[in-house]
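Letters A, B, ... mirror the listed sequences (proteins, then strands); counts begin at 1. Since this is a predicted model, take the numbers as computed values, not measurements.
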Number of protein chains: 2
Amino acid sequence: MRASERAYATLRSDIINWRLTPGTVLGEVELSARLGVSRTPIREALAKLTAEGLSEPQSGRGVVVSEISLDHLDELFELRTALECRAAELAAQRCDPEIFANLHHQLLNAGELITAEDPSRADYYQLAGDLDAAVDAAVGNHYLTQALKNLRVHLVRVRRLAKDNPVRLRDAAREHAAIALAIANRNPVVASAATTVHLDNSLRHLLSTTS
Amino acid sequence: MRASERAYATLRSDIINWRLTPGTVLGEVELSARLGVSRTPIREALAKLTAEGLSEPQSGRGVVVSEISLDHLDELFELRTALECRAAELAAQRCDPEIFANLHHQLLNAGELITAEDPSRADYYQLAGDLDAAVDAAVGNHYLTQALKNLRVHLVRVRRLAKDNPVRLRDAAREHAAIALAIANRNPVVASAATTVHLDNSLRHLLSTTS
DNA sequence: AGTTCAAGGAATGTATACATAGATGGTTGT
DNA sequence: ACAACCATCTATGTATACATTCCTTGAACT
């Protein structure tokens with residue numbers, strides 16, 4: 001693997017998992033020493049991170065890990081709602097119903113995945129990711145998928161802000177199931193509405209647990 | 001100005017204005033010779049262009065100017081509709097009505113700007129850009145604005161695909177005026193609907209003049 | 001004659017040296 | 001004592017040399 005890719009992957013993971021907190025200065029020399037590569041691949045990695053919005057230039061000189069404060073959460077969710085509602089609509093019009101019927105069934109039983117033994121909720125988030133991927137595939141729109149991908153990077157960071165309690169996760173799973181069902185039924189209006197409801201619940205939960 | 005910024009601006013302009021056509025190979029050595037800077041700033045510029053979607057990696061080695069074919073026009077407009085309709089809605093809820101009333105008035109008279117003396121339609125596109133900027137400002141959502149900005153880069157390229165005949169431009173100006181009016185009236189539903197109509201007309205016009 | 005493998009070359013990936021600009025701290029003058 | 005200015009230092013911007021990988025071309029074998 002290329003050194004620049006390793007540096008990028010490492011830094012990206014560090015930022016997303018809050019090992020590098022917002023505001024941290026990303027100095028080229030320090031990073032090149034820490035990651036054991038020269039400054040050139042570091043620069044490449046920082047450029048990609050900045051393009052992605054995970055870091056940003058700091059007053060003309062140097063880059064810092066970008067802020068992800070609650071002040072911007074509502075803005076993030078406004079974009080998210082616009083994109084995901086449209087995606088759900090289009091998926092409902094174009095999907096293979098069997099795939100989403102299957103996802104619906106899995107999501108209905110997702111409560112069992114949220115156990116005390118798996119504090120990282122890996123299984124649950126895997127299933128939610130499967131739904132996202134299925135929607136992307138059904139929509140078949142490169143530009144829309146790309147915009148959603150850019151957005152999800154920030155959403156993963158936000159997730160760490162909130163304490164994800166099991167009650168909310170089970171509710172969220174039911175909401176996801178409702179979305180999958182609407183898409184399987186090829187009902188764009190309901191799919192969009194279910195997405196709106198789900199995102200509103202998610203946002204309010206986030207705001208209530210973090211403030 | 002930094003060399004990397006100059007290289008980026010030059011290449012970006014060359015791609016948008018079709019001096020570099022889709023599929024053109026962007027070799028680092030060739031570009032560094034042509035632009036008179038070393039490969040390092042060229043790499044920086046290419047990374048930014050690729051992040052923006054104006055160029056893309058070519059089978060693991062080298063980057064090429066990305067395709068902007070008609071096959072993807074409908075996809076581009078699906079994303080555009082999702083973003084601009086939402087932006088129009090939010091702008092209608094949050095705007096200062098005077099600003100959009102003023103734009104409405106200007107757009108109603110925009111027919112006079114489309115004259116034979118200005119084949120580049122600079123004045124008209126300036127006015128359309130003013131409306132976009134006013135919507136962005138009224139919405140006040142960094143993420144949504146950023147997503148729209150990414151999108152508009154591709155739209156400028158598409159514009160060059162079509163022969164913009166004066167009749168269509170005058171119609172488009174009236175449609176823009178309708179959007180501005182709906183926002184000035186603080187009517188989100190109409191603003192979104194007017195945007196949908198406008199974008200559908202634009203897409204159909206593009207498809208009819210280029211095929 | 002076609003296909004495959006190898007060798008060479010060309011372009012990208014990486015490292016490092018050098019240039020430059022911005023920041024910081026100290027000193028001096030008021 | 002405070003402020004302003006200058007010098008030095010540090011970090012980024014740029015250039016270039018070196019390494020590596022992939023592609024192309026040619027030759028040989030099937």
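- One atom, CD of B:E44, and another, P of C:dG13, lie 14 Å apart when rounded to the nearest Å.
- D:dA15 atom P lies 14 Å from atom CD of B:E28, rounded to whole Å.
- In this structure, B:Y8 places its OH atom 18 Å from C1' of D:dG13, rounding to the nearest Å.
- Residue A:T40 has no polar side-chain atom (N or O) positioned under 4.0 Å from OP1 or OP2 of C:dT16.
- Residue B:S4 places at least one side-chain N or O closer than 4.0 Å to OP1 or OP2 of D:dT14.
- Taking the ring axis of B:F77 as reference, the NZ or CZ atom of B:R80 stays within 45° of it and closer than 6.0 Å to the ring centre.
- C:dT12 atom P lies 12 Å from atom CZ of A:R2, rounded to whole Å.
- Considering B:E175, B:R159, B:R168 in turn, B:R168 is the only one that fulfils the side chain to side chain donor-acceptor pair (under 3.5 Å) rule with B:S202.
- When the C1' atom of D:dG13 is taken as reference, atom CG of A:L46 falls 14 Å away, rounded to whole Å.
- Residues A:M1 and B:R61 both approach DNA chain C. Their nearest nucleotides, taken by heavy-atom distance, put B:R61 toward the 5′ side.
- Atom CZ of B:R43 is separated from atom P of D:dG13 by 16 Å (rounded to the nearest Å).
- Regarding B:R39, its CZ atom lies at a distance of 15 Å from the P atom of D:dT20, rounded to whole Å.
- Going from atom CZ of A:R6 over to atom C1' of C:dG13 covers 12 Å, rounded to whole Å.
- The cationic atom of B:R186 (NZ for Lys, CZ for Arg) does not lie both less than 6.0 Å from the six-membered ring centre of B:F100 and within 45° of the ring axis.
- For B:H142 and A:H72, the ring centers are positioned 6.0 Å apart or more.
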